[in-house]
Amino acid sequence: MARANDEVEALLQEYADLIAITGGDAFKARAYEKAARAIGGHPADVSKLDEDGLREIPNVGRSIAAKVAEYLRTGKMAAVEEQRAEIPAGVRELITIPTLGPKKALRLHEALHISSVNELAAAIEADALADLKGFGEKTQDNIRHGIELLRQSGGRVPLALALDTAEEIVAELSAVTGCRRCAYAGSLRRMRETVGDVDVLVAAAKSEPFMAALCGLPGTAEVIARGTKKTSVRTGKGLQVDLRVLPPASWGAGLQYFTGAKAHNIRTRTIAVHRGLKLSEYGLFETESGKSVASRTEEEVYARLGLPWIPPTLREDRGEIEAALRGALPDVVTERDIRGDLHTHTDLTDGLASLEVMVEAAAERGYAYYAVTDHAPDMPMQRMTDEKILAQRERLRELDGTRRRMRLLHGTELNIGPDGEVDWPDAFLAGFDLCVASLHSHFDLGRGPMTRRLVRACENPYVHVLGHPTTRLIGRRPGVDADWDEVFAACARTGTALEVNAQPDRLDLCDEDILRARAHGVRFAVNTDAHSVPQLAQLRYGIGTAQRGWLTPDEVINTWPLTRLRRFLRKGRR
DNA sequence: GCCGTTTTCGGCCCGACTGTTTTCAGTCG
């Protein structure tokens, strides 16, 4: 279910954007942003809090608490409604374009009445920005490129948003009388990083109540098509949802049919044909007699095709059929295999929760170990000092083993400088149990220098994990350019793990890079990079991505027992 | 708008990069 916290966060962030766009007080906009983030990252459900409770959340004061309470009570926030009436939604959409912020968006709106990304693209095409102050040739190039990046996601929505929507709908439909089974399928079940539309399946004798329920959901903005077998709607957030209702006996066949990528399904149907069978969403049938031979479960369907059950995340026709036929499918890593998170933050830097709160939440998840890796000093805005990180270490040692016997590792997230150097000298780095090293600046060095930079970071004996290696942001920024095969080889040679960062806008490495890297014999770490308690649960997106990269537990260092992990962290040192 | 071991005013994470308005505004992490 989408948490009320997430809804409030989105609304307050929207208000902050609108203040910035209308040229309001920048500090006021910042205040709303901070409150939005604090509420999104707050462990307790805000819909259960009254105004006093809300005010106990850091950065939420009298005014914001009142607005949140108003929203929770009425479903509306008057202040936001008023701003919306002033500024078309498309103007806010403009600031999602990289390099285009609130100031430029407002100028475009005021001078040229541009109020959508499409209008802006057309204006640039028509050279209508030529006389506009502050929009020189380079700026226009950057905007054009930014729009291109946005469009590459092709109207697809981030996995996390689609998953929230799908889980909500599945919960609603499961409660309808007559529901035998209900689940989401499609690219969402395959955990693709972006999702075009959400496919929901129901097994039931009668379809009508489910079609009615879907059309009547509060999140449903528009009914695109409504029939007895299939209904399509669009949600308020612009996401298309397709519902199929199947006879209960067809459940497995339906799930198989609507989950696999097109190429995977063509392969399975071809195998069926060669066996004198026909595969559809209703079942697997003998071609001659039309007699059903399998349909109730996916396992049955695959088995009758001579295949083991294939995990949904592998159903892309990237070799899984051949592997299945050989009996060589990977035993992919699952959330249950993860024994600890190796990249997390606290409020010592840009995290929201204290060390104690993060440790408690990690212990609740049943981890055997947990690493705290706050930012190192070369990221100036975090104001890290030797004293602060050493004081944190002291406190962490006190907490070590006290929460469900969970062991704590003291780490840091280093910044990889332009030449591959990191924040602290070796003697100081030696005091950490674990160091993640990441790129946070100088993204445009060019392939040669970037490759040397990353390789040099791997060669540092104190760097254990390369954090979000390509530093891409899905739909907003491509990954840095480097000779990745050379970097992956360096990781394998030096015993440096590559991170699979689970933040839903990163998923970095991505599935294809993982497949390429694992061919070099690299180890991986699936980490959340959590900046708050709720973000610890984002592990699932990292696991989905790891599975899509065919990773097995043995390749993922944070599935290992602590003694084996510690051996890896020695990295050839004694 | 929030916050307070500078507590009811006056600050607010700091620095780098980019393009262009050539002395700095806008954007980003």
Side-chain angles (χ1 to χ4, degrees), chain A residues 8 11-39 51 54-70 77 79-80 83 94-108 111 129-146 149 345-352 374-385 388 413-418 423 438-445 467-468 470-473 476-478 480 501 503 505-506 508 529 531:
Chain A
V8 172
L11 204 57
L12 293 176
Q13 180 61 52
E14 180 183 349
Y15 193 52
D17 289 344
L18 294 172
I19 291 169
I21 290 170
T22 52
D25 179 8
F27 289 114
K28 185 170 157 184
R30 283 284 286 149
Y32 276 97
E33 272 181 22
K34 284 198 285 187
R37 211 167 94 84
I39 288 174
E51 266 186 65
L54 289 166
R55 288 194 62 177
E56 283 175 24
I57 301 172
N59 298 310
V60 176
R62 196 162 53 86
S63 172
I64 292 180
K67 289 188 175 74
V68 174
E70 175 202 353
M77 212 179 272
V80 179
Q83 289 277 15
L94 295 180
I95 69 172
T96 62
I97 300 169
T99 73
L100 207 165
K103 297 288 187 290
K104 289 198 179 105
L106 181 61
R107 208 172 302 153
L108 288 166
L129 272 57
D131 297 332
L132 198 56
K133 226 172 96 180
F135 288 83
E137 204 173 316
K138 280 289 179 68
T139 300
Q140 291 195 42
D141 280 351
N142 285 339
I143 292 174
R144 202 178 296 122
H145 183 237
L149 274 176
H345 296 271
T346 75
D347 61 3
L348 187 62
T349 55
D350 56 352
L352 290 171
D374 273 314
H375 287 287
D378 288 353
M379 189 180 256
M381 68 181 183
Q382 304 300 348
R383 300 177 147 196
M384 179 55 83
T385 61
K388 280 161 81 174
E413 182 179 12
L414 299 166
N415 303 286
I416 304 174
D423 309 59
S438 314
L439 302 178
H440 292 115
S441 64
H442 302 91
F443 300 139
D444 295 317
L445 291 184
H468 47 72
T470 77
T471 313
R472 70 153 178 180
L473 291 173
R476 282 191 292 151
R477 186 174 72 203
V480 297
N501 187 297
Q503 296 264 327
D505 60 344
R506 290 194 187 273
D508 182 14
D529 193 1
H531 285 67

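Residue contacts for A:R477: at a heavy-atom cut-off of 4.0 Å it reaches the sugar-phosphate backbone alone, with no base atom in range. Within 4.0 Å of A:G101, counting heavy atoms only, lie sugar-phosphate atoms of the nucleic acid but no base atom. Contact annotation for A:R476: no contact, since no heavy-atom pair falls under 4.0 Å across all strands.
The nucleotide B:dG15 finds its pairing partner in B:dC28, both defining distances of the Watson-Crick or G-U wobble pair being shorter than 3.5 Å.
For A:R144, the CZ atom sits in a packed shell: over 12 heavy atoms of surrounding residues, nucleotides or ligands are nearer than 6.0 Å.
Taking atom P in both B:dT6 and B:dC12, one finds a spacing of 14 Å when rounded to whole Å. Nucleotides B:dT23 and B:dG29, compared at atom P, are 29 Å apart to the nearest Å. The separation of B:dA16 from B:dG11, taken at their P atoms, amounts to 23 Å, rounded to a whole angstrom. On the C1' atoms, B:dC3 is 9 Å away from B:dT7, given to the nearest whole Å. B:dT8 and B:dG19 are spaced 46 Å apart, taking the P atom of each and rounding to whole Å. For the C1' atoms, the distance from B:dC13 to B:dT21 is 27 Å, rounded to whole Å. Atom P of B:dT20 sits at a distance of 14 Å from the matching atom of B:dG26, rounded to the whole Å. Annotation: B:dT22 and B:dT18 have their C1' atoms spaced 14 Å apart (nearest Å).
The nearest whole Å value for the distance from the CD1 atom in A:I143 to the C1' atom in B:dG19 is 12 Å. As a whole-Å value, the separation of A:E137 CD from B:dG19 P is 11 Å. What separates CZ of A:R30 from C1' of B:dT27 is a distance of 13 Å, to the nearest Å. Per the geometry, CG belonging to A:D374 stands 20 Å off P belonging to B:dG29, to the nearest Å. The nearest whole Å value for the distance from the CE atom in A:M379 to the C1' atom in B:dC28 is 11 Å. Between A:E33 atom CD and B:dC13 atom P the separation is 12 Å, expressed in whole Å. Rounded to whole Å, the distance from CG on A:D378 to P on B:dG29 is 18 Å. Remark: C1' of B:dA25 and CG of A:L100 are 14 Å apart, rounded to the nearest angstrom.
Of the residues near DNA chain B, A:D444 and A:L132, the one whose nearest nucleotide (by heavy atom distance) lies more toward the 5' end is A:D444. Positionally, the nearest nucleotide of DNA chain B for A:G134 lies more toward the 5' end than for the other of A:R107 and A:G134.
Distances from the side chain of A:I64 to the nucleotides B:dT27, B:dC2, B:dT20 place B:dC2 closest. Candidate nucleotides B:dC2, B:dT20, B:dT27 were compared by shortest atom distance to the side chain of A:K104, and B:dT27 ranks first.
A side-chain donor from one of A:N415 and A:D423 sits under 3.5 Å from a side-chain acceptor of the other. Side-chain contact check for A:H468 and A:Q503: no donor-acceptor pair (N or O, by modelled atom type) lies under 3.5 Å.
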Which atom pairs link the protein and nucleotides 10-12 of chain B when you take only N or O atoms and keep those under 3.5 Å?
none

Which protein N or O atoms sit under 3.5 Å from an N or O of nucleotides 15-17 of chain B?
| residue | atom | partner | partner atom | Å |
| --- | --- | --- | --- | --- |
| B:dC17 | OP1 | A:H442 | NE2 | 3.3 |

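In this structure, the side chain of A:R107 does not engage the main chain of A:L132 through any donor-acceptor pair within 3.5 Å. For the pair A:R472 (side chain) and A:R506 (backbone), a donor-acceptor distance under 3.5 Å is present. Not one N or O on the side chain of A:N501 forms a donor-acceptor pair closer than 3.5 Å with the backbone of A:D508.
For the pair A:K138 and A:D141, the salt-bridge criterion is not met [side-chain N within less than 4.0 Å of a carboxylate O]. Between A:K67 and A:E70 there is no salt bridge, since no side-chain nitrogen of the basic residue lies less than 4.0 Å from a carboxylate oxygen of the acidic one. The residues A:D505 and A:R476 are annotated as salt-bridged, a charged nitrogen and a carboxylate oxygen being separated by less than 4.0 angstrom.
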Worksheet item: Would A:L54 and A:I64 count as a side chain to side chain contact (heavy atoms under 4.5 Å, CB included) if you check the C-alpha gap in whole Å, the side-chain angles of each, and the deciding distance to 0.1 Å?
Response: CA-CA 9 Å; A:L54 289 166; A:I64 292 180; over 6 Å; no
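In this pair, A:H531 and A:H345 present their aromatic rings parallel. The plane angle is below 30°, not in the 30 to 60° band.
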